[in-house]
2 protein chains.
Amino acid sequence: MADWRDRLRESGYRLTPQRELILAAVEKLGHATPEDVLAEVRTSSSAVNLSTVYRTLEVLEELGLVRHAHLSDRVATYHSLTGEHGHDHFHLVCRNCGRVESVDPSVAEPFGAQLRTQFGFEADLGHLTVFGHCTACQEAPHD
Amino acid sequence: MADWRDRLRESGYRLTPQRELILAAVEKLGHATPEDVLAEVRTSSSAVNLSTVYRTLEVLEELGLVRHAHLSDRVATYHSLTGEHGHDHFHLVCRNCGRVESVDPSVAEPFGAQLRTQFGFEADLGHLTVFGHCTACQEAPHD
DNA sequence: TTAGTTGCAAATATTTTGCAACCGC
DNA sequence: GCGGTTGCAAAATATTTGCAACTAA
């Protein structure tokens, strides 16, 4: 695995302290909004601007180092595909307790195959977010 | 099927001209953003306020008359569960051409069953949006 | 008459952009 | 030094809210 720093430079981008900090924050946080990332970066270093967070996440996503998902009806969250917890996955989000479960894309592969066969549609299963209710919240649907 | 107007009143809401117009607009448009709904309503009648559109869509969704889905990374779109085209469905969205295909939830039921068995997760398949590439765009992935 | 609704303006919340200063390579 | 990057402030986009006037029931 070529280091992501090399990938950055090979693509004509530059390696900056901000980019290192932001990717590290995403890796550490798991599923983080741009604001979350900003807050995390600020705990360990001097300030970084929120615009820079947005612009950097865009670059990192273009390079395939992070992905975003819509885990709420509001903001997007980013997770890394690098680092120790980094791997492609989709999400199950409980509408009641808000818990997010990350699931390996292979679980959805039969579904992907079905969409391919039946609709000729090549699904991006790594971006999938499934809303519903987790086991615990099915018994007590309201908090 | 009790008329939705009765459902409204039974729930303690009032039937207003705005609510009639807004639901009619959603039924007509298929998948519409609040702005789309506003524009549609305005073609056939006097003005309605955008806040009212937002508030009304919220009420209609609570009553199960419309649903929203995230067909882009940006705004939500609403579709009706009433009217001639109204039925619960999930969406396949092509990242390239933007085309949206509405699919019957039964298609995703095997997937739902799998999530239920494997994770105890009760998925809301009607809210699902699957991003990917449609048949046409797989051959020519870029526009 | 009464309580739910609407319009309007202002407040929030998110994300994007212009641009001069800055800095990686 | 060149050209990509950043910080900052302002703009753009999207959604929500307070409140007085209005109106369905």
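The shown structure was predicted, so the numbers you read here are calculated from the model rather than taken from an experiment. Worth knowing before you read on, the calculation uses all heavy atoms, side chains too, and leaves out hydrogens, waters and symmetry mates. Convention: sequence-line order gives letters A, B, ...; per-chain numbering from 1.
You'll find that the side chain of A:Leu15 is closest to C:dC25, out of C:dT5, C:dC25, D:dA14. Comparing C:dG7, D:dA24, D:dT15 against the side chain of B:Arg14 picks out D:dA24 as the nearest. Among the nucleotides D:dT16, D:dG3, D:dA9, the one closest to the side chain of B:Ser51 is D:dT16. Of the candidate nucleotides D:dA24, D:dC8, C:dG7, D:dA24 has the atom nearest to the side chain of B:Pro17. Nearest to the side-chain atoms of B:Arg55 among the listed nucleotides D:dC19, D:dA9, D:dT6 stands D:dC19.
Among the heavy atoms of the strands lying under 4.0 Å from A:Thr16 are primed sugar atoms or P, OP1, OP2 only; no base atom is included. Residue contacts shown for A:Arg19 are limited to sugar-phosphate atoms, with no base heavy atom under 4.0 Å away. B:Glu35 comes within contact range of no nucleotide atom at all, as no heavy-atom separation falls under 4.0 Å.
Taking atom CG of B:Asp36 as the reference point, atom C1' of D:dT13 lies 15 Å away to the nearest angstrom. Whole-Å rounding puts the A:Leu38 CG to C:dA13 C1' distance at 15 Å. Taking atom CG on A:Leu63 and atom C1' on D:dG4, their separation rounds to 14 Å, with Å as the unit. In this structure, A:Tyr13 places its OH atom 12 Å from C1' of D:dT5, rounding to the nearest Å. Following rounding to the nearest Å, B:Leu50 (CG) and C:dA10 (C1') show an atom-to-atom distance of 14 Å. Counting to the nearest Å, the C1' atom of D:dC19 and the CG atom of B:Asn49 are 14 Å from each other. When rounded to the nearest whole Å, the span between CD of A:Glu10 and P of D:dG4 equals 17 Å.
Using cut-offs of 30° and 60° on the angle between ring planes, the pair A:His31 and A:His89 is perpendicular. Ring geometry for B:His70 against A:His70 counts as parallel: the plane angle stays under 30°, on a 0 to 90° scale with 60° as the upper cut.
Ring-centre distance between A:His87 and A:His79: not below the 6.0 Å cut-off.
Nearest-nucleotide positions on DNA chain D place B:Val75 closer to the 5' end than the other of B:Arg9 and B:Val75.
The residues A:Asp124 and A:Arg67 are annotated as salt-bridged, a charged nitrogen and a carboxylate oxygen being separated by less than 4.0 angstrom.
In terms of phosphate contacts, A:Thr52 brings a side-chain nitrogen or oxygen within less than 4.0 Å of OP1 or OP2 of D:dG7. Here A:Tyr54 reaches the OP1 or OP2 of C:dT15: one of its side-chain N or O atoms lies under 4.0 Å away. One finds no side-chain N or O of B:Gln18 lying less than 4.0 angstrom from the OP1 or OP2 phosphate oxygen of D:dT23.
For B:Glu58, the CD atom counts as loosely surrounded, since its 6.0 Å shell holds 12 or fewer non-hydrogen atoms of other residues, nucleotides or ligands.
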